[in-house]
Amino acid sequence: MRRSLVVGNWKMNGSKAFVEQLVGGMVGVLSNAQVDIAVCPTYVHIPQTLTACAGSAISVGAQDCSHVSSGAYTGEVSAPMLRDLGCQWVILGHSERRQYHDEQNALVGAKLTAAVESGLLPILCVGETLEQREGGEAQAVVASQLEGSLRDQVSLAGLVVAYEPVWAIGTGLTASPEQAQEMHAFIRQSLENIPGLDAAATRLLYGGSVKGANAGELFSQADIDGALVGGAALDASEFLAIVNAAC
Ligand code: PEP
């Protein structure tokens with residue numbers, strides 16, 4: 001039985017006051033949650049978020065990490081640093097990193113190695129663009145993203161995969177529950193070919209305009225084990241509604 005997981009990706013949003021208000025609106029309510037819950041603020045808001053979430057059911061992650069642990073990499077933040085702060089999770093290979101920072105599967109794989117070695121739980125994002133879906137390439141794209149970053153990993157302990165069709169991120173368009181389930185089943189099947197991974201036990205999240213109103217139907221699908229939430233994670237009541245739908 002896979003335990004549900006709901007992760008909020010705050011992207012490049014927030015301020016000290018915003019974080020205080022957002023987390024303050026969730027911690028008390030979520031103290032006895034039956035699902036795993038995490039939020040991923042910007043790097044600069046991680047310490048404040050960790051303090052605000054201390055003792056609650058909410059764990060904290062980062063939105064990215066470096067592929068190396070230290071050194072002359074100006075502007076980078078490493079996995080050991082995040083773990084040292086108290087982060088548990090790291091999102092890797094988000095489509096915005098792939099699009100705006102030209103992150104390729106090999107680099108995502110190197111970041112994943114660094115994350116696992118540091119004890120962070122990686123959330124690997126995969127997903128096709130609209131053009132790729134319309135061209136009938138969706139499964140091939142996702143398969144190559146999985147293969148390109150998971151093959152040759154020594155350990156994949158705690159890996160979570162998030163299927164995020166690029167055309168559904170921040171657009172208000174959501175994959176239908178059936179479309180999402182079809183891809184999740186394909187992902188689970190593909191993971192069976194990755195050495196060292198228990199595909200049946202691996203949690204698969206759906207991401208792309210998830211809200212309180214559509215979460216329940218998505219979570220009722222056999223291979224959808226939770227959500228990676230962007231926009232709706234910036235609103236405490238929406239995020240709580242998604243968490244409740246996963247309970
Ligand atoms: C995301 O960026 O991970 C995401 C799913 O965003 P949104 O929920 O806003 O589509």
Side-chain angles (χ1 to χ4, degrees), residues 4-14 18 22 26 35-43 45-46 49 58-65 87-101 103 108 111-112 115 120-130 132-133 138 141-142 145-146 149 159-177 179-181 183-184 187 203-219 221 223-246:
S4 297
L5 168 65
V6 178
V7 181
N9 172 14
W10 294 353
K11 309 196 186 192
M12 197 174 69
N13 292 295
F18 179 83
L22 180 58
M26 299 193 294
V35 299
D36 289 339
I37 305 157
V39 294
C40 300
T42 68
Y43 289 133
H45 294 119
I46 286 173
T49 307
I58 307 175
S59 54
V60 178
Q63 299 170 18
D64 187 32
C65 72
C87 286
Q88 291 189 28
W89 305 91
V90 63
I91 298 171
L92 295 173
H94 191 279
S95 63
E96 288 150 15
R97 300 291 316 170
R98 295 179 191 264
Q99 183 180 354
Y100 304 130
H101 302 272
E103 287 197 8
V108 176
K111 290 182 175 201
L112 202 141
L120 289 173
L121 299 168
I123 301 168
L124 171 66
C125 300
V126 296
E128 80 287 356
T129 63
L130 187 57
Q132 289 164 334
R133 175 161 281 265
V141 168
V142 168
Q145 290 171 334
L146 291 170
S149 45
L159 174 76
V160 171
V161 176
Y163 169 56
E164 299 208 307
V166 180
W167 48 272
I169 296 180
T171 58
L173 296 174
T174 318
S176 68
Q179 273 175 323
Q181 166 57 27
M183 186 59 92
H184 279 232
I187 291 171
R203 290 187 283 188
L204 307 183
L205 309 184
Y206 171 76
S209 299
V210 177
K211 302 178 193 63
N214 59 20
E217 231 188 325
L218 288 159
F219 297 159
Q221 302 297 313
D223 288 292
I224 300 183
D225 306 313
L228 179 54
V229 185
L234 298 170
D235 179 320
S237 61
E238 268 304 312
F239 193 67
L240 289 173
I242 295 168
V243 170
N244 283 334

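Read the numbers this way: they start at 1 and go in the same order the structure lists the ligands and their atoms. What you see is a predicted model, and the numbers here were worked out from it, not measured in a lab.
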Undergrad: Using a strict cut-off of 4.0 Å, indicate which atoms of ligand 1 neighbour a heavy atom of Ser209.
TA: 7 (P), 8 (O), 10 (O)
Undergrad: Which residue owns the protein heavy atom closest to atom 1 (C) of ligand 1, what's the atom, and how far is it?
TA: His94 NE2, 3.2 Å
Undergrad: Less than 4.5 Å apart, any side-chain heavy atom of Pro41 and any of Val60?
TA: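 A side-chain contact under 4.5 Å exists here.
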Undergrad: What is the ring orientation for Phe18 with Trp10, classed by angle as parallel under 30°, tilted 30 to 60°, or perpendicular over 60°?
TA: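 Plane angle over 60°, so perpendicular.
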Undergrad: With heavy-atom distances below 4.0 Å as the criterion, list the atoms of ligand 1 near Gly170.
TA: 7 (P), 9 (O), 10 (O)
Undergrad: So for ligand 1, is Thr171 a polar contact partner (N or O within less than 3.5 Å, distance only)?
TA: no
Undergrad: Within the structure, does Gly231 bring an N/O atom to less than 3.5 angstrom of an N/O atom in ligand 1?
TA: yes
Undergrad: Would you say Gly208 touches ligand 1, if touching means a heavy atom closer than 4.0 Å?
TA: yes
Undergrad: Kindly give the heavy-atom pair with the smallest separation between Thr174 and Ser209, and that separation in Å.
TA: OG1-O, 3.5 Å
Undergrad: Can you find an N/O atom of Val229 closer than 3.5 Å to an N/O atom of ligand 1?
TA: no
Undergrad: Is Ala168 near ligand 1, meaning one of its heavy atoms is under 4.0 Å from it?
TA: yes
Undergrad: Is Ala162 touching ligand 1 with its side chain, its backbone, both, or neither, if touching means heavy atoms under 4.0 Å apart?
TA: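 No part of Ala162 comes within reach of ligand 1.
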Undergrad: Taking heavy atoms and a distance under 4.0 Å, where does Asn9 meet ligand 1: side chain, backbone, both or neither?
TA: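 The part of Asn9 near ligand 1 is the side chain, not the backbone.
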Undergrad: Among protein heavy atoms, which sits nearest to atom 2 (O) of ligand 1, and what does the distance come to when rounded to 0.1 Å?
TA: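 Minimum-distance protein heavy atom for atom 2 (O) of ligand 1 reads Lys11 NZ, 2.5 Å.
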Undergrad: Does a sphere of radius 6.0 Å around CD in Glu217 hold more than 12 heavy atoms from other residues, nucleotides or ligands, not counting ones at 6.0 Å or beyond?
TA: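 No - once you tally the heavy atoms of other residues, nucleotides and ligands closer than 6.0 Å, there are 12 at most.
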Undergrad: Just need the protein heavy atom nearest to atom 5 (C) of ligand 1, so name the residue and atom and give the distance.
TA: Glu164 OE2, 3.0 Å
Undergrad: What protein heavy atom sits nearest atom 8 (O) of ligand 1, and how far away is it?
TA: Gly230 N, 2.8 Å
